[in-house]
Structure formats: structure tokens, C-alpha cells
Amino acid sequence: MNVLKMTDIKKSFGGNEVLKGISFHVDKGEVVSIIGTSGGGKSTLLRCATLLETIDDGTISYMGEDVTYYDQNGKLCYAKDLNHFKKFFGLVFQNFNLFPHFSVLKNVMDAPVTVQGRDKAEVKEECMKLLNKMGLGDKADAYPFELSGGQQQRVSIVRALAMKPDILFFDEPTSALDPELTGEVLKVIKALADEKMTMVIVTHEMAFAKAVSDRVVFIDGGIIAEEGAPEEVFGNTKNERTKQFLQSYND
Amino acid sequence: MSLITIILKMCEGLGKTCAIFFLTLLFSLPLGMVISLLRMSKNKIISKITQFAVSVLRGTPLMLQLLAVTYGPYYLFGVSVSRNKLIPVVIAFAINYAAYFSEIYRGGIESISVGQYEAATILGYSKAQTFIRIILPQVVRRILPSVTNEIVTLVKDTSIAFTVSYQEMFTIGKQIANSQTSFTPFLVAGVFYYIFNALVGFVMGIVEKSMSYYKQ
Ligand SMILES: Nc1ncnc2c1ncn2[C@@H]1O[C@H](COP(=O)(O)OP(=O)(O)OP(=O)(O)O)[C@@H](O)[C@H]1O
Ligand SMILES: [Mg+2]
């Protein structure tokens, strides 16, 4: 089953058409990397998928349930209860966006308790397990400002996981990090991939994308220019745009 | 009149000075939040009207506003001026200070990065939960120094109540000064305000410290 299915997504800002009809799906347990030129629309696609932006045209569904539909007049509408769909996904931001006034443990526990209404003790136990797994067990009582960028990003991954999403989106999770800290975050994502977590990762780390993904999507100028197994896309692509793009990384 | 007598007489007005001070804070702090939310309303008309009202309240003397609230009803509708001047004083002060607080709140709210809202939205927090749990605590922490400034000003502004002869500490002092042709009551008033503000500084220092367990 498709965890996420997007068809023919169009999105403009003012007169600037950023997504020009993108169809995109993710299956359960699949890891999809999105690569592409700057300004190509990768973040916009993730923001549309996570309902931070509204699409102009197209359809979105999670787990076979429609988020958008067309009414009798052919007008695109969003489902009334968007919170229902927010349960399905999580998003890890480039710059973490942790809550600075909450301790690490509170950052990861607060939403499951206050939003999902789950039992506090149970949530705490789960969160501590996740933090320990990510090597953050001793940081539970620290505040975000006391952590390195890599540690903060791992906390934000735990925060997303604590909600038990069916799919996790990452928008350049290591771009805001010093080079020596990217490894620890990529390692954590790799471990999640090994556990068959369904993930969509926008990244500029080509070696990582190649190693971790089941499928690679190359977005250029608001369309999917190429899509395929990492060996195809990175190995011997026949697409001229992909070639040029990958070339620019090797230089 | 001896210094002691002057001090004792002025002390009789201290209760009323404190009444203006605390009641103004009690009403203006929440009212300021309402005004700042109206000011940031997506509805252009509401936001523009609020902006204009705030600019009038901040752009004209509190003394004038106090006179308007106290005597305006009489001149406009022939309503007799209320005996208890505390009511018009607190109304005028609360509205005026709410206008100042609203701009401080707005600055604080707008300084919170959009990423905080987005992270909360993704996690499924409702608008109200986001504001109360995530945004407001950070705003309070950021605006506390500016709020302290306003509170210090309010302590001194309570003296403006003398314009409507409300018998608070400064009004009494001024009456003594007039009848005795003495400057001493003003010096006493100065000392009173200074001590009052030292206390305000002390308390707000504790509050600020209690919130400085994290960095932004
Ligand atoms: N809120 C917005 N308002 C106006 N234009 C926007 C907005 N968000 C994105 N854009 C425009 O949409 C285009 C695509 O942006 P997007 O951030 O999706 O690209 P990207 O592929 O993520 O690039 P990068 O690799 O640099 O992160 C850019 O031209 C950008 O200026
Ligand atoms: Mg981007």
C-alpha cells in the first residue's frame, strides 16, 4: 500500500510556478531520497506533503485516505479534519526547531501526552528508550541550548518518532551542521532505514542517498526529471540533466 | 509641620497609590494581550482600527486621557462625576498601559521564529495549544525587561492622579506643599517612589531569574 500518494501536484507562489505537476508515492518501508538543484522545489514538495503549504492542484492521500478532493464545482478542497492526517507523518527540519524552553525529555514527550492524550508514564518510558538508542540518554534533562547541533537534530528525530508516524520526512537534516557532526545524524537515519522506517529524505549528501535509499528522485525546475533505483540514477544515468547535476557535485 | 507629620500624612495616601498601581497592572496586562491579538488580526479593518486606537493612546498624554475619562461623561452626557475617583483613574491607566503592553507583546510574539509554529503544527498542536504551551512562555521571557520598564514608569505615573484630586500619596504631598509653602513633601515623594521602584526591581529580578534557565 502507498503510505503517501501525491498526483499531479501544482503549486505557485505569486506568479512563480514552483511545482509543475509532480506525481510521487512512497510505499511502506521504503526509503526515498529526493535530490536536485537549489530552488528546484524539493522543500516545497515536502511542505505540501506535510500540509504546511496548500497545493493549487493535484491530490494527496495518506494510507489510502484522501486529504484533498474536488467538490461539485471542480474546486480543490482539503479534508475538514487535517489533524487526522497529521498522525500519519512527522517532519525533521533543517534547523531542528526544538522548543528552547522545554528540556530534551519534555521536547519529545509533550506532544504525545498533550496532543495524543497518551499515558504520561508510558510515553516517558518509550521516549527514554528512544533517547538511549540515539545516544542521548544522559541528555534527557538538558535544554536544547546545551546541546551540539548534531545532538539537537537527533533529539528532533526522537521528537518526531515519539509520535509514532507512519512516514517520516527529512528536509536536509544535516545542512545546518558542521561537517564533523553530519555523520552522527546520518548514522541514526541509516539505523532507522535498517528498521524499515518509511522515510523521505531531501538531501545534498549524495553518498548517503546512494547508500540508504531504495529509490532516488531527482527534481529539477519543479518536475521529477528522473526517478529510479540508486544504482541507476547514480550509476549510469542516461538523463542529461541528472548527469550535469551529479557532475557539479563531483567537482 | 514637622517632617514626621508630613511623612505620616503622605503615608495615608500610599494605600491609594498602591491601589492604582496593582489594579492598573491587573487589568492592563491581560487587556494588552487582547489588544495585541486584535492588532495582529488577519482582518485588515480590525487591525487598522486597533493600530489607530493604540497610536492615539500612546501619542497623547496620560493626563489628558485621565481628564477625559473622569470629566468626559459629564460634559458629553451630563452624567455626574463619580465620587470615587479610583474608578476613572484605573480605567484611564489600565487602557493607557494596555496600549503600551500590547505593542511590547506584539514585538515579542513576532520575534518568535515561524519554525516554532511549524514544528508545533506538524506535531498536531492546536492553535490555542501552540500559543499557550510553545509561544507564550518564550514571549514572556523575551519581553520581561520591557515590561519591567513599563512597570517602573507606572509607579511614577500614579502621581498623575493628582490632576483629578484623587487622594493618593503625591496628591496629598502636593496639597501640603501648597499650604505650607514647602518643598519637603516633594522630596519625601521622591524617596517613596525610589523605594517603591527598588522593590519592583527586586521582584522583577527574581521573576527574570526564574525564567533564565534556558537560552533562546
Ligand atoms: N513561501 C514562499 N514564497 C515565495 N516563493 C517561495 C516560497 N517558498 C519557496 N519559494 C520559491 O520556490 C522555489 C523552490 O523553492 P524550494 O525551497 O522548494 O527549493 P529547494 O529545492 O528546496 O531548494 P534548496 O535546495 O535550495 O533547499 C524557489 O524559487 C523559492 O524562491
Ligand atoms: Mg530546500
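If you're wondering where the values come from, they're calculated on a predicted model, not measured in any experiment. A, B, ... follow the sequence lines: proteins, then strands. Residue 1 opens every chain.
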Counting heavy-atom pairs under 4.5 Å with chain B, which one of A:F96, A:Y143, A:F89 comes out on top?
A:Y143

Region of A:F102 in contact with chain B, defined by heavy-atom distances below 4.5 Å:
side chain

For side-chain contact (heavy atoms from CB on, under 4.5 Å), just list the numbers for B:I122 and A:F169, CA-CA rounded to whole Å, side-chain angles, deciding distance to a tenth of an Å, and then say yes or no.
CA-CA 11 Å; B:I122 294 279; A:F169 297 94; over 6 Å; no

Is atom OH of B:Y194 surrounded by more than 12 heavy atoms (other residues, nucleotides or ligands) closer than 6.0 Å?
no

Residues, nucleotides or ligands: over 12 heavy atoms within 6.0 Å of A:E125 CD:
no

Need one label for A:N95: side chain, backbone, both or neither, based on atoms under 4.5 Å from any heavy atom in chain B.
neither

Okay, A:L82 and chain B: the region with an atom under 4.5 Å from a heavy atom over there is neither

Relative to each other, are the rings of A:F99 and B:Y125 parallel, tilted or perpendicular (30° and 60° limits)?
perpendicular

A:H101 and B:I134: which non-hydrogen atoms are nearest, and at how many Å?
CE1-O, 3.4 Å

Give a yes or no on this: more than 12 heavy atoms of other residues, nucleotides or ligands lie within 6.0 Å of atom NZ of B:K85.
yes

Portion of A:L52 that has a non-hydrogen atom of chain B nearer than 4.5 angstrom
side chain

Residue A:F13 excluded, over 12 heavy atoms near CZ under 6.0 Å:
yes

Rounded to the nearest 0.5 angstrom, the CG-CG distance for A:N97 and B:L123 is 10.0 Å

For B:R133 against A:D110, the heavy-atom pair lying closest together
NH2-OD1, 2.5 Å

Pick one of side chain, backbone, both or neither for B:Y213, based on which atoms fall under 4.5 Å of a heavy atom in chain A.
both

Can you tell me if CG on A:D141 sees more than 12 non-hydrogen neighbours from other groups inside 6.0 Å?
no

So, for A:P100 and B:K215, which heavy atoms are closest and what is the spacing to 0.1 Å?
CB-O, 3.9 Å

Heavy-atom pair of closest approach, residues A:L98 and B:Q116:
O-NE2, 2.8 Å

Heavy-atom count check: over 12 atoms from other residues, nucleotides or ligands less than 6.0 Å from B:I45 CD1?
no

Presence of salt bridge, B:E118 and A:R47, under 4.0 angstrom:
yes

So, the part of B:R141 with a heavy atom under 4.5 Å from chain A: the answer is neither

